[in-house]
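Here is the structure we will look at.
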Amino acid sequence: MSQPIIVWFRQDLRLDDNMAVAACVEANAPMIALFIDDRQHERQAGAVSLWWRDQSLQALADELQRRGSQLILREGDAASQLNQLIDETNPQAVFWNRQYYAESIARDTAIKADLQARQINVESFNSTLLFEPWQIRSKTANTPFKVFTPFWKACQTHGIDTRIWDAPMQFLAPSKWPQSLALTKTNLPEGAHALDQWQPGEAGARKTLHRFLSENIHGYADGRDFPAKPATSRLAPHLRWGEISPRRLFAETSAAPVSDNDQRKFFAEIGWREFSYQTLFHNPNLKTTCLQPKFEAFPWREGAEAEDDFEAWKNGTTGYPIVDAGMRELRQTGYMHNRVRMIAASFLIKHLLIDWRRGEAWFWERLADADPANNTASWQWVAGCGADAAPYFRIFNPIIQGQKFDPEGHYTKRYIPELTGLSGKMLFSPWLAKSDLLENANVQLGQSYPKPIVEHDFARNRALDIFKALA
DNA sequence: CTCGGTTTTCT
DNA sequence: GAAAACCGA
């Protein structure tokens with residue numbers, strides 16, 4: 001029997017359309033599937049994302065077992081763990097799929113050099129993105145794009161590969177299996193009690209895609225903005241851990257009976273993911289440093305009052321129902337509807353003038369789909385300091401946004417049941433409602449539901465002044 | 001004058 | 001994206 005190949009899984013927790021796995025199968029070698037919980041060289045995933053990862057690893061382990069194989073789990077510094085496994089199994093090669101943030105790149109580069117020096121064949125692949133982050137460049141300046149639309153156009157001109165590689169139903173096993181740690185289960189953080197709606201893992205990801213393509217994608221272009229509608233793909237957490245490939249999303253969506261408009265909009269969202277990854281790749285400090293340097297001088301609010309506001313934001317007690325509904329959805333479900341993410345993020349940054357990095361950190365902790373590229377790039381986008389960012393005068397009005405995108409109030413009331421009795425536009429500005437209306441609705445402002453922590457008009461003008469002074 | 005919708009302006 | 005400015009009925 002030939003020597004085994006170690007396939008090192010990281011954020012590609014799937015078998016189908018996994019290029020590292022494909023290379024191992026093509027080499028006709030026994031596969032040793034390895035996952036290392038390396039907490040030193042990657043941004044440690046947040047609490048909810050870790051819960052997801054553990055479920056996903058379990059699903060991967062089960063699937064491997066069904067196919068005559070196993071998942072080997074190790075913990076600690078990746079280089080030393082890999083070396084140890086190499087000593088134990090004498091592999092002919094080590095394969096993995098590339099990651100794109102600085103810590104991982106540095107780690108992987110060092111490992112690659114070390115193994116090559118020891119005559120061990122090492123290969124890395126792209127199984128995460130449609131294009132490598134260095135691949136798409138502007139024709140004229142030969143630089144990475146800083147604006148989404150021309151970037152995405154260039155991607156499409158380049159041509160998107162939609163060939164899918166399907167994994168075999170049986171894998172070759174090594175003559176002797178190395179030891180593996182037991183899979184652990186991360187406990188959910190407090191309040192996150194409604195995550196049973198999800199099915200982490202490759203099978204769950206495929207189910208989610210198929211449900212989306214057979215039902216919810218119809219009307220996606222407009223429907224995706226309405227949080228009460230089941231009109232979004234809900235694929236983000238599956239993509240985060242690589243349970244499904246973007247190539248597959250493209251291939252299957254192209255083959256589905258979907259209107260051009262809906263398809264274009266959905267593909268553009270995948271495009272934003274590509275854009276975020278290339279932005280992160282070219283700006284390794286994206287999490288800590290504003291892409292536009294002048295924002296580093298921003299006078300973010302600090303001190304006791306700002307801390308109270310930050311707590312109210314996290315708890316969903318700002319007194320703005322659409323913001324609070326989103327923040328409560330996040331805490332309870334590990335998810336927040338995209339439109340509401342923008343409203344809630346804008347509120348923290350522009351109404352409360354609290355540093356976007358603190359919002360980014362909270363989303364990172366609580367989102368099941370918290371992604372090192374998407375989360376960071378999107379927060380910079382809302383703050384106005386990112387790539388192709390929202391202009392500073394684009395300040396969401398949380399009252400109008402609620403009225404416009406949750407007109408029936410179904411979404412808002414799902415997470416703020418204490419406002420169930422309010423109907424119509426008043427739901428989004430209960431402090432403006434007549435007292436008998438509030439009484440009938442059984443709402444005691446300041447008790448059953450908070451008064452707004454900041455007045456919209458005041459906050460808007462304050463933000464405009466500061467952002468203008470910065471520019 | 002006033003109500004509604006549309007256009008412009010805001011880096 | 002929102003508010004102010006504008007405009008026709």
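In what follows, chains are A, B, ... by sequence order, proteins preceding strands, each numbered from 1. All heavy atoms count here, side chains included; hydrogens, waters and symmetry mates do not.
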**Message:** Could you check whether A:Asp406 and A:Thr412, counting side-chain N and O atoms only, form a donor-acceptor pair closer than 3.5 Å?
**Reply:** yes
**Message:** Centre-to-centre under 6.0 Å for A:Phe396 and A:Phe347, is that the case here?
**Reply:** no
**Asked** How is A:Ile400 classified with respect to the nucleic acid when contacts are heavy atoms under 4.0 Å: base, sugar-phosphate, or nothing?
**Response** sugar-phosphate
**Asked** Parallel under 30°, tilted from 30 to 60°, perpendicular over 60°: which one fits the rings of A:Phe275 and A:Phe151?
**Response** tilted
**Request:** Using whole Å, report how far CD of A:Gln403 lies from P of C:dG1.
**Result:** 15 Å
**Asked** Does OP1 or OP2 of C:dA3 have a side-chain N or O of A:Asn397 closer than 4.0 Å?
**Response** yes
**Request:** Could you verify whether a donor N or O on one side chain and an acceptor N or O on the other, from A:Gln197 and A:Arg234, lie under 3.5 Å apart?
**Result:** yes
**Asked** In whole angstroms, how far is the C1' atom of C:dG1 from the CD1 atom of A:Ile395?
**Response** 9 Å
**Item:** C:dG1 phosphate, OP1 or OP2, under 4.0 Å from A:His456 side-chain N/O
**Value:** no
**Complete:** Atom CG of A:Asp457 and atom P of C:dA2 are separated, to the nearest Å, by 13 Å
**Message:** Distance under 4.0 Å to a non-hydrogen atom of chain A counts as contact; along DNA chain B, which nucleotides mark the start and end?
**Reply:** B:dC10 to B:dT11
**Asked** Distance only, no hydrogens: is a donor on one side chain within 3.5 Å (strictly under) of an acceptor on the other, for A:Glu42 and A:Ser104?
**Response** no
**Request:** Give the rounded distance in Å between these two atoms: CG of A:Asn461 and P of C:dG1.
**Result:** 19 Å
**Request:** Return no unless some side-chain N or O of A:Arg394 is found under 4.0 Å from OP1 or OP2 of C:dA3.
**Result:** no
**Item:** From CA spacing to verdict: ring-ring contact (aromatic ring centres under 6.0 Å, His included), A:Tyr411, A:Tyr415
**Value:** CA-CA 7 Å; A:Tyr411 170 81; A:Tyr415 294 103; 5.5 Å; yes
**Request:** Remember a base hit wins even if backbone is also touched, and classify A:Lys294 as base, sugar-phosphate or nothing at under 4.0 Å, heavy atoms.
**Result:** nothing
**Item:** Validation row, ring centre A:Trp356 to ring centre A:Phe295 under 6.0 Å
**Value:** no
**d(NZ, A:Lys468; C1', C:dA2) in whole Å** = 14 Å
**Request:** Please report, rounded to the nearest Å, how far the P atom of C:dA2 is from the CZ atom of A:Phe347.
**Result:** 14 Å
**Message:** Rounded to whole Å, how long is the line connecting atom CD1 of A:Ile399 with atom P of C:dG1?
**Reply:** 16 Å
**Request:** For A:Lys350 and C:dA3, give me the distance from atom NZ to atom C1', rounded to whole Å.
**Result:** 15 Å
